[in-house]
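If you read the sequence from its start, that first residue is 1, and numbering goes on from there. Quick note: numbers below take in every heavy atom, side chains included, and nothing from hydrogens, waters or symmetry partners.
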Amino acid sequence: MPTVGITANRIIDDNVHRDWIRRRYIDALVGYADVEVVVLPTLARGHNSDEFALARLDGLVLTGDESNVDSCVLRNGSEPADVTDFVFAQRDRYRDRLSGASIATALSLGMPILAICRGLQELNVYFDGTLYDNLRTIPSNIRHEEDLRLERDRQYDPVHRLNLWRDGVLHRLADRTEVWVNSLHGQGIDRLGNNLVIEGVADDGLIEAIRIKDSPTFQIGVQWHPEWHIATDTFSQSLFSSFGESCRSYGKRSCRGRACPALSVSRRSDTLLDTE
């Protein structure tokens, strides 16, 4: 069975540091992608990810979180003078470091990637794209954040239409040009990153689904949360199932942690680089 790495988030309570993740991601991956899951721990300043451990995986899932992406930390590995790396629901540089390192390793190996919500934004930033920091300031007839007056489960109900690009990966999975999705995000894609292709947009033009151009495998980012109501949503089931199949295919042809040729995607050009 394929083994997939899933990004954790940092939380600090009473000065105690913990890594955490919602069970919804794990349950969706186990139940519909048919994979095993390991949690990738967040990274403190000066700590590097274990690239060898990441190379033993068959896929990478970039999860959502309430915190905003710090583009400089994720893309460049820079360390701001402000040493406050965590502010609840606003900042999680521990996660930014993990995601930047994990994306780099996954791309260098041609590994399948499923990026969800914050994960989509991380992919865009990694490829030199930019984000709207606060969608509330952007004129739109669509509400992109959750309605906090509703109970938690209802906050994840579909609230707006997503228009799928014809002949895209998601269009083929959905077998239609429109789907309805939930929306619980404060940031969003402004300028699309290099080497990224649009898969779907909301009615207000906001990019909410992307893929890596000319990727040899499943490398998709979605702005919504397909894991939440997956038991009753066939499109979400197809998305996770396709990711799982790609992980199985990758596992059969990969070197699983041994030194071997791999593909690397340049974040500043339109070409796939053969690293051998």
**Student:** So if you build clusters from Ile, Leu, Val, Met, Phe, Trp, Tyr with side-chain heavy-atom gaps below 4.5 Å, do V222 and F235 land together?
**Tutor:**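 Hydrophobic grouping puts V222 with F235.
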**Student:** Which heavy atom in A174 sits nearest to a heavy atom in V179, and how many Å separate them?
**Tutor:**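 Closest approach of A174 to V179, heavy atoms only: CB-CG1, 4.0 Å.
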**Student:** Using 0.5 Å steps for rounding, measure from the CG atom of L62 to the CG atom of L98.
**Tutor:** 8.5 Å
**Student:** Please test R75 against Y126 for side-chain contact (heavy atoms from CB on, under 4.5 Å), starting from the C-alpha separation and ending with a verdict.
**Tutor:** CA-CA 5 Å; R75 181 169 51 220; Y126 184 88; 5.9 Å; no
**Student:** Rounded to the nearest 0.5 Å, what's the gap from CH2 on W20 to OG1 on T63? Could you check?
**Tutor:**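 If we round to the nearest 0.5 Å, W20:CH2 and T63:OG1 are 8.0 Å apart.
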**Student:** Are the side chain of S236 and the backbone N or O of I230 linked by a donor-acceptor pair below 3.5 Å?
**Tutor:** no
**Student:** Could you state whether I21 and V61 fall into the same hydrophobic cluster, counting links through intermediate Ile, Leu, Val, Met, Phe, Trp or Tyr residues with side-chain heavy atoms under 4.5 angstrom apart?
**Tutor:**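 Yes.
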**Student:** Can you confirm whether R166 is buried at CZ, in the sense that more than 12 heavy atoms of other residues, nucleotides or ligands lie under 6.0 Å from that atom?
**Tutor:** no
**Student:** Looking only at heavy atoms, which two atoms of M111 and L60 are closest? And how far apart?
**Tutor:** SD-N, 4.1 Å
**Student:** Could you tell me whether a side-chain N or O of D92 sits under 3.5 Å from a main-chain N or O of R10, the two making a donor and an acceptor?
**Tutor:** yes
**Student:** Of all heavy-atom pairs between P2 and G244, which one has the smallest distance, and what is that distance?
**Tutor:**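 Minimum heavy-atom contact is CG-O, 4.5 Å.
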**Student:** Examine L173 and L29 and state if one hydrophobic cluster contains both, with Ile, Leu, Val, Met, Phe, Trp and Tyr joined whenever side-chain heavy atoms are less than 4.5 Å apart.
**Tutor:** yes
**Student:** Before you tell me yes or no, could you show the steps for V159 and W180 under side-chain contact (heavy atoms from CB on, under 4.5 Å), namely the whole-Å CA-CA distance, both residues' side-chain angles and the distance that decides it to 0.1 Å?
**Tutor:** CA-CA 7 Å; V159 293; W180 281 76; 6.0 Å; no
**Student:** Any salt bridge between E227 and R24, counting N to O under 4.0 Å?
**Tutor:**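 Looking at R24 together with E227, the answer is no, because their closest N to O distance does not fall below 4.0 Å.
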**Student:** If only atom types and distance count, is the side chain of S238 paired as donor or acceptor with the main-chain N or O of T234 below 3.5 Å?
**Tutor:** yes
**Student:** Are E199 and H171 close enough, and set up right, to give a side-chain contact (heavy atoms from CB on, under 4.5 Å), and what steps lead you there?
**Tutor:** CA-CA 8 Å; E199 281 277 327; H171 176 234; 5.7 Å; no
**Student:** Out of curiosity, does L239 fall in the hydrophobic cluster containing F243 (side-chain heavy atoms, cut-off under 4.5 Å, transitive links)?
**Tutor:** yes
**Student:** Would a distance-only check, ignoring hydrogens and angles, find a side-chain to backbone donor-acceptor pair under 3.5 Å from D96 to D70?
**Tutor:**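 Yes; at least one donor-acceptor contact below 3.5 Å.
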**Student:** Would you say R118 and S99 are linked by a side-chain donor-acceptor pair, where the criterion is simply a distance under 3.5 Å?
**Tutor:**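 Absent: no donor and acceptor within the cut-off.
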**Student:** Using a distance-only test with no angle check, is there a side-chain donor-acceptor pair under 3.5 angstrom linking Q121 and Q223?
**Tutor:** yes
**Student:** Take L135 and H185 through the test side-chain contact (heavy atoms from CB on, under 4.5 Å) and record every step on the way to the result.
**Tutor:** CA-CA 8 Å; L135 289 175; H185 56 108; 3.4 Å; yes
**Student:** To the nearest 0.5 angstrom, please state how far the CD atom of Q187 sits from the CG atom of N124.
**Tutor:** 10.5 Å
**Student:** Give a yes or no answer on whether the side chain of R143 reaches the backbone of S183 with a donor-acceptor pair at less than 3.5 Å.
**Tutor:** no
**Student:** How about S78 and N76: does a side-chain donor come under 3.5 Å of a side-chain acceptor?
**Tutor:**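 The answer is no; no qualifying pair exists.
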**Student:** Measure from the side-chain N and O atoms of N163 to the backbone N and O of E178, and report whether any donor-acceptor pair falls under 3.5 Å.
**Tutor:** no
**Student:** Using the side chain to side chain contact (heavy atoms under 4.5 Å, CB included) rule, pick out the option among I212, I210, L192 that qualifies with F127.
**Tutor:** I212
**Student:** Is it the case that the side chain of R172 and the backbone of D167 share a donor-acceptor pair, with hydrogens and angles ignored and the cut-off at 3.5 Å?
**Tutor:** yes
**Student:** Apply side-chain hydrogen bond (donor to acceptor under 3.5 Å, both in side chains) to D82 and T84, showing your working.
**Tutor:** CA-CA 6 Å; D82 180 358; T84 306; 3.2 Å; yes
**Student:** With sequence neighbours excluded, what pairs up with Y156 under the ring-ring contact (aromatic ring centres under 6.0 Å, His included) test?
**Tutor:**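 Listed in chain order: H225, W228.
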**Student:** Kindly confirm or rule out a cation-pi arrangement of R97 over Y94, judged by NZ or CZ under 6.0 Å from the six-membered ring centre and within 45° of its axis?
**Tutor:** yes
**Student:** Does any N or O in the side chain of S71 come within less than 3.5 Å of the main-chain N or O of V125, such that one atom is a donor and the other an acceptor?
**Tutor:**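 A pair under 3.5 Å: no.
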**Student:** Check this for me: does any side-chain nitrogen of one of D58 and R248 sit under 4.0 Å from a carboxylate oxygen of the other?
**Tutor:** no
**Student:** Salt bridge between R56 and E36, side-chain N to carboxylate O under 4.0 Å?
**Tutor:** no
**Student:** Distance from F218 atom CZ to I113 atom CD1, nearest 0.5 Å?
**Tutor:**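 If I round to the nearest 0.5 Å, the distance is 10.5 Å.
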**Student:** Can you name the nearest heavy-atom pair linking R95 to A8, along with the distance?
**Tutor:**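 Nearest heavy atoms, R95 then A8: CD-O, 3.3 Å.
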**Student:** Taking all non-hydrogen atoms of both residues, which atom of T217 and which atom of S246 are closest, and how far apart?
**Tutor:** OG1-CB, 3.8 Å
**Student:** Roughly how far apart are N182 CG and W224 CH2, rounded to 0.5 Å?
**Tutor:** 9.0 Å
**Student:** Counting only heavy atoms from other residues, nucleotides and ligands, does the tally under 6.0 Å from CZ of R136 exceed 12?
**Tutor:**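 No, because the 6.0 Å sphere around CZ of R136 holds 12 heavy atoms or fewer from other groups.
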**Student:** Looking just at side-chain N and O atoms, do H144 and D204 make a donor-acceptor pair shorter than 3.5 Å?
**Tutor:** yes
**Student:** For N68 and D133, which I'm curious about, is there any donor-acceptor pair between the side chains at under 3.5 Å?
**Tutor:**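 Side-chain D/A pair, N68 to D133: absent.
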**Student:** Tell me whether E145 at atom CD has more than 12 heavy atoms from other residues, nucleotides or ligands lying less than 6.0 Å away.
**Tutor:** yes
**Student:** Looking just at side-chain N and O atoms, do D157 and H229 make a donor-acceptor pair shorter than 3.5 Å?
**Tutor:**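 Yes, side-chain donor-acceptor contact under 3.5 Å.
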**Student:** With the side chain counted from C-beta on, respond yes when V73 and P80 share a heavy-atom pair under 4.5 Å apart, and no when they do not.
**Tutor:**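 Yes - at least one pair of side-chain heavy atoms lies under 4.5 Å apart.
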**Student:** Please check if the side chain of Y25 supplies one atom and the backbone of G64 the other of a donor-acceptor pair under 3.5 Å.
**Tutor:** yes
**Student:** Nearest 0.5 Å please: distance from the CZ atom of F86 over to the CG atom of D13.
**Tutor:**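 Interatomic distance, F86 CZ to D13 CG, rounded to 0.5 Å: 9.0 Å.
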**Student:** Locate the shortest heavy-atom distance separating L54 from S49; write the atom from each residue and the value.
**Tutor:** CD1-OG, 4.0 Å
**Student:** Should the pair D85-R91 be classified as a salt bridge under the 4.0 Å nitrogen-to-oxygen rule?
**Tutor:**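 Salt bridge between D85 and R91, a charged N being under 4.0 Å from a carboxylate O: no.
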**Student:** Do S241 and Y32 come close enough that some side-chain heavy atom pair is under 4.5 Å?
**Tutor:**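 Counting from C-beta outward, S241 and Y32 never come under 4.5 Å.
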**Student:** Tell me whether I220 shares a hydrophobic cluster with I207, the cluster being built from Ile, Leu, Val, Met, Phe, Trp, Tyr side chains joined at under 4.5 Å.
**Tutor:**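 Shared cluster, no.
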**Student:** Counting only N and O atoms by type, is there a donor-acceptor contact under 3.5 Å from the side chain of S108 to the main-chain atoms of T105?
**Tutor:** yes
**Student:** Does atom CZ of R176 have more than 12 heavy-atom neighbours from other groups under 6.0 Å away?
**Tutor:**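 Yes, CZ of R176 has more than 12 neighbouring heavy atoms, counting only those of other groups under 6.0 Å.
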